[in-house]
Amino acid sequence: MKNVHFLGVVLWGCLFLALISTHVSATSKPNIIVVMADDMGWGDSATYGHETIKTPSLDKLAAQGVKFTQGYSSAGVCSPARSSILTGRTPYRNGVWRHLSGRHEAHLRASEITYPSLFQQAGYTTGHFGKWHLLSKHQFNNEGYPHPNDHGFDYWFATQNNAEPSHKNPNNFIRNHKAVGELKGYSAPLVADEAIRWIETGRDESKPFMMSVWFHEPHKPIATDIKFSALYPNENPVNKKYFGNITQMDYALGKIMEVLDEQGLSDNTFVIFLSDNGPVVGVGGNSGGLRGLKRNDFEGGIRVPFVVRWPGHIQPGTVNDTPIIGSDIFSTVLAIADIPAPSDRKIDGVNFLPALAGKELQRSTPLFWRTHVSPAEDRVAMRIGDWKIVGNDTLTEFMLFNVQTDWQEKNNLASKMPEKLTAMKARLLETWEDIKTDGPNQWWENESNPPRKGATLNY
């Protein structure tokens, strides 16, 4: 019996490796859905251990796929993280180095190659639903700047930044360059409904599809349907609204999952769920015990929920602690659809599926973060293996952590391990030099906004 069991394990392993091969036949092109929360912390769900917040849809997604416990956004703030997902390039390299609010010249340039544009060229039908935030306010819906349709989306339904005036009855959605006007309801379910209509009747059913669903929840100003806040009767008003807001978004996720089942699409659809960055102070967000919050390059600002489902290709209910990052989505979805990546530019992300077979991911660029609105002490960070170096804004002071064992970053080893610090510092400086010379550095070096308190640099 032992030999039979061993043979079964070997056969499963061989099958699993075959299933996550980066090549798929032309007749089995997978559909792709990337779902993103806004300001949802690593600890803001039952899936990642919160004892109160109800997230049955995310729990189900994880039970049907893999939960990454060390998944990262590419920045501690919104716009840069989003740009990295679409381009596979770290934010300062692709130019979206800062959050795009108010008036600013930075934006996701037409010269950047996004994975939706590559999928579109490969014969997919494509749609974007929800927040965009890759143009400044004065640029959005201005024909002088590239919009979702210029970055590969056949159909789009989006806001520039947050849902306004709040998640309730938003009035600032644009559909394919046309203002929609006030919508009755709450943002996440409204976004899900639009996405569902596109899946059911709007897309070209003769083609595989690729879509992004970028929810506004739980970004403030928060507004929560009473049917969700009422699920938390024993909580204070702030937590009741926030916890309900997470459940409101989870409900919207569940609606999309249900339509995939109803349409017979689930088995051939690759779904990713993550957050753009960590949680916000004062509104109920939870980092799950990690150090820092949104805007930090400590773990609390950048480690996020990261769940992936692909029936028949990813073993259900698995948990994986391989460090992966938002920019890896670009390379991963291209690989599973057998679409070549651009060869004329540096791509920082890698295909993370080999990690599910226990393979080490080979990165030419280490996991790297620079968040312009962070405090001075943790402006920059880099992770290689178990080790993470955190530097100040001028890259003159550094901290060193083994984040595999010290996940709360309590034990700074910089003075105890000078040789390791020196090696990590050298690689960090080399990586930053490569990134900043590749990107439009005039955009941040000419920035006029004052530095954050205690900082020397404003980028």
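These numbers come from the heavy atoms of this one structure, side chains and all, not from hydrogens, waters or symmetry mates.
The two residues A252 and A192 make their nearest non-hydrogen contact at O-CB, 3.6 Å. Considering every non-hydrogen atom in both A455 and R379, the closest pair reads CB-NH2, 3.6 Å. Summarising the geometry of K436 relative to N441, their closest heavy-atom pair is O-CB, 3.6 Å, with the distance given to 0.1 Å.
Side-chain atoms of D39 never come within 3.5 Å of backbone atoms of E217 as a donor-acceptor pair (strictly under, hydrogens ignored). Panel note: side chain N161, backbone H133; no donor-acceptor pair is recorded below 3.5 Å. Between the side chain of T437 and the backbone N or O of D434 there is at least one donor-acceptor pair closer than 3.5 Å. At distances below 3.5 Å, not a single donor-acceptor pair connects side-chain atoms of D378 with backbone N or O atoms of G391. The backbone N or O of V350 sits less than 3.5 Å from a side-chain atom of D328, completing a donor-acceptor pair. The backbone N or O of S331 lies less than 3.5 Å from no partner atom in the side chain of N351, so there is not a single donor-acceptor pair. In this structure a side-chain-to-backbone donor-acceptor pair under 3.5 Å is present from D406 to N411. In this structure a side-chain-to-backbone donor-acceptor pair under 3.5 Å is missing from W97 to G439. With hydrogens and angles disregarded, a donor-acceptor distance shorter than 3.5 Å links the side chain of T87 to the backbone of S83. One N or O on the side chain of S79 and one on the backbone of L100 form a donor-acceptor pair closer than 3.5 Å.
With ring centers used as reference points, F401 lies 6.0 Å or more from W407. Separation of the H147 and F153 ring centroids does not fall under the 6.0 Å cut-off. Checked against a 6.0 Å centroid threshold, the rings of F129 and Y155 count as neighbours.
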Legend entry - ring pair (Phe, Tyr, Trp, His ring centres under 6.0 Å) assessment of Y459 paired with H372: CA-CA 4 Å; Y459 62 85; H372 71 293; 10.0 Å; no
Inset, instruction - Would you check, one step at a time, whether the test side chain to side chain contact (heavy atoms under 4.5 Å, CB included) holds for K131 with C78? - result: CA-CA 10 Å; K131 185 169 179 171; C78 179; 3.5 Å; yes
Inset, instruction - Go through the steps for F228 and Y251 under the test ring pair (Phe, Tyr, Trp, His ring centres under 6.0 Å), then give the verdict. - result: CA-CA 9 Å; F228 298 114; Y251 165 78; 5.3 Å; yes
Inset, instruction - Please step through side chain to side chain donor-acceptor pair (under 3.5 Å) for the pair H151 and S117, ending with a clear verdict. - result: CA-CA 6 Å; H151 287 297; S117 67; over 6 Å; no
Inset, instruction - Could you go through the side chain to side chain contact (heavy atoms under 4.5 Å, CB included) check for V308 and I314 one step at a time? - result: CA-CA 8 Å; V308 184; I314 293 174; 3.6 Å; yes
Inset, instruction - Any chance you could lay out the side chain to side chain donor-acceptor pair (under 3.5 Å) test for Y232 and T247, step after step, and finish with the verdict? - result: CA-CA 10 Å; Y232 305 97; T247 306; 2.6 Å; yes
Inset, instruction - Report the C-alpha distance between H107 and W443 in whole Å, list the side-chain angles of each, state the deciding distance to 0.1 Å, and finish with yes or no for ring pair (Phe, Tyr, Trp, His ring centres under 6.0 Å). - result: CA-CA 10 Å; H107 61 276; W443 278 3; 5.4 Å; yes
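Applying the salt bridge (Lys or Arg N to Asp or Glu O under 4.0 Å) criterion to R82, with sequence neighbours excluded, gives D38, D276. Take E409 and apply the salt bridge (Lys or Arg N to Asp or Glu O under 4.0 Å) test, not counting sequence neighbours, and it matches K388. Looking at residues two or more places apart in sequence or on another chain, you find a salt bridge (Lys or Arg N to Asp or Glu O under 4.0 Å) between D348 and R93.
With S266 as the partner, the side chain to side chain contact (heavy atoms under 4.5 Å, CB included) test is satisfied by one option alone out of M257, R309, Q64: R309.
W444 does not carry R98 over the face of its six-membered ring by the limits of under 6.0 Å from the centre and within 45° of the normal. For the pair K67 and F306, the cation does not sit on the ring face, since its NZ or CZ is not both under 6.0 Å from the ring centre and inside 45° of the axis.
Within a 6.0 Å radius of CD in E360, no more than 12 heavy atoms belonging to other residues, nucleotides or ligands are found. By the 6.0 Å contact criterion, NZ on K137 is open, its count of non-hydrogen atoms from other residues, nucleotides or ligands being 12 or less. Atom NZ of K168 has 12 or fewer heavy atoms from other residues, nucleotides or ligands within 6.0 Å. Applying the 6.0 Å contact sphere to NZ of K54 captures more than 12 heavy atoms from other residues, nucleotides or ligands.
One distance of note links CD of Q70 with OG1 of T322; it measures 8.0 Å at 0.5 Å rounding. In this structure, CG on N94 lies 10.5 Å from CZ on R345, to the nearest 0.5 angstrom. Rounded to the nearest 0.5 Å, atoms OG1 (T332) and CD1 (I324) are 7.5 Å apart. Interatomic distance, L429 CG to M382 CE, rounded to the nearest 0.5 Å: 9.0 Å.
A donor and an acceptor atom, one from each side chain of N402 and Q404, are nowhere located under 3.5 Å apart. For the 3.5 Å distance criterion, the side chains of T396 and N392 qualify, holding a donor opposite an acceptor. Between the side chains of N296 and S374, no donor-acceptor pair is found at a separation under 3.5 Å. There is no side-chain donor-acceptor pair under 3.5 Å between N277 and S73. Side-chain N/O atoms of T55 and S45 include no donor and acceptor closer than 3.5 Å.
Ring orientation note: the planes of H216 and F173 are nearly perpendicular, at an angle over 60° on the 30°/60° scale. Taking the six-membered ring where the residue is Trp, H313 and W310 present parallel rings, their angle staying beneath 30° rather than reaching 60°.
At a threshold of 4.5 Å between non-hydrogen side-chain atoms, the residues R303 and W42 count as touching. Under the 4.5 Å side-chain criterion, counting only non-hydrogen atoms from C-beta, E164 is not in contact with T159. The side-chain heavy atoms of V213 and M36, taken from C-beta on, include no pair separated by under 4.5 Å. Under the 4.5 Å side-chain criterion, counting only non-hydrogen atoms from C-beta, W156 is in contact with I174. At a threshold of 4.5 Å between non-hydrogen side-chain atoms, the residues H104 and Q139 do not count as touching. Between I329 and L274, the closest side-chain pair of non-hydrogen atoms falls below 4.5 Å. The closest side-chain heavy-atom distance from F209 to I33 is below 4.5 Å. A 4.5 Å side-chain heavy-atom check between P91 and S74 finds at least one atom pair inside the cut-off.
For the ring-ring contact (aromatic ring centres under 6.0 Å, His included) condition, no pair includes a residue of residues 411-430, sequence neighbours left out.
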Compile the donor-acceptor pairs under 3.5 Å between side chains in residues 236-243 and protein atoms, sequence neighbours left out, one pair per line.
from	atom 1	to	atom 2	distance (Å)
N236	OD1	V238	N	3.0
N236	OD1	N239	N	2.7
Y242	OH	D44	OD2	2.6

Would you mind writing out the side-chain donor-acceptor pairs for residues 416-428 within the sub-3.5 Å range, not counting sequence neighbours?
from	atom 1	to	atom 2	distance (Å)
T422	OG1	P418	O	2.9
R427	NH2	S364	O	3.2

